[in-house]
Amino acid sequence: MAAGRGKIVTGPPDFVGVGAQRSGTTWWFRTLLSHPQIRPPRKGRKELHFFEPYGARPMRDEDIPRYHDLFPRRPGQIAGEWTPRYMADAWTAPLLRRAAPDAKLLVMLRDPIERYRSGVVHRATRSPEARPEIVARDAIERGRYTSQLRGLLAVFPRDRILVLQYERCRQDPIGQYRRTLEFLGVDDHVPEDVRRLRGTTMQSGKKPLWPELQEALRVTLGPEVRALTEIVPDLDLDLWSNFADLPADDGVLA
């Protein structure tokens, strides 16, 4: 599918990245944009946060064309966005189905405890006035991947959702990038800098977790991780050091 020079058109996005925060989504989205057939939303923004207000008020039919207008592209091109919190907001999946029923969904997941560590620092940096316990609770909820994926699967077919593992993308960026391109239905095209991470790192602000918190997170998120392997069979727990030794009987979610 070659990109053409025809008239620019707008319409529903061809793909939407929906999660997860602090999981390498900026790196992956910017790498996707190096492909000549893949276009960002207007003004080159990665995250639109379009559906967030509709947790407090209904989305009207007349709101939907505003969303469509944010995705210009030419013939042979596809366009999309990546807002990592979409997967965490329960109302987004059904609204996304209304606004973009044919969109393909991208999900990037990271070891939930490492994601927690990065998410806490990220939120504290962006919202220093937020109470630490509220920031911590939100960071834990963002790591409930199984519950969030089940919300997506309730309204989107499984073959329209690609679940990537951040650590595997770091380990095999070319293979996972090609897998992503195949899922999106565009030509094979691997940029020279696919291995270069892009985005805002929180590494310098991270601190080791104290043992009680580390164990509490394992107990809380362990059942989610174990159940996640049923939804994502190729998930490699060996790449998630905090859960690599997760016992087989760990209170799996029903």
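Because the structure is a prediction, the values reported are computed rather than measured. The figures here come from the full heavy-atom set of this structure, side chains too, leaving out hydrogens, waters and symmetry mates.
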Check your understanding: How about Tyr86 and Phe50: are their ring centres within less than 6.0 Å of each other?
Key -> no
**Study point:** Arg110 backbone acceptor or donor facing Arg115 side chain under 3.5 Å
**Key:** no
Check your understanding: Under the 6.0 Å and 45° cation-pi test, does Arg42 pair with Phe71?
Key -> no
Practice item. Calculate, to the nearest 0.5 Å, the distance between atoms CG and CG belonging to Asp14 and Leu184 respectively. Key: 9.0 Å
Review point. Hey, which of Arg45, Lys46, Gln21, His49 is the one that makes side chain to side chain contact (heavy atoms under 4.5 Å, CB included) with Thr83?
Key: His49
Point to revise | Backbone N/O of Glu212 and side chain of Glu215: donor-acceptor pair under 3.5 Å | key: no
Review point. Using 30° and 60° as the class limits, which term best fits the ring planes of Phe15 and Phe29: parallel, tilted or perpendicular?
Key: tilted
Check your understanding: When you measure from the side chain of Asp172 to the backbone N and O of Gly175, does any donor-acceptor pair fall under 3.5 Å?
Key -> yes
Check your understanding: What is the minimum heavy-atom distance between Leu95 and Met59, and which atoms define it?
Key -> O-CE, 3.6 Å
**Study point:** side chain to side chain contact (heavy atoms under 4.5 Å, CB included) between Glu47 and Trp82, worked out
**Key:** CA-CA 5 Å; Glu47 303 179 21; Trp82 200 320; 5.7 Å; no
Practice item. List the steps, then state whether salt bridge (Lys or Arg N to Asp or Glu O under 4.0 Å) holds for Asp102 with Arg97. Key: CA-CA 8 Å; Asp102 298 321; Arg97 182 63 185 266; over 6 Å; no
Check your understanding: So, do Leu109 and Ser23 sit near enough that their side-chain heavy atoms are less than 4.5 Å apart?
Key -> no
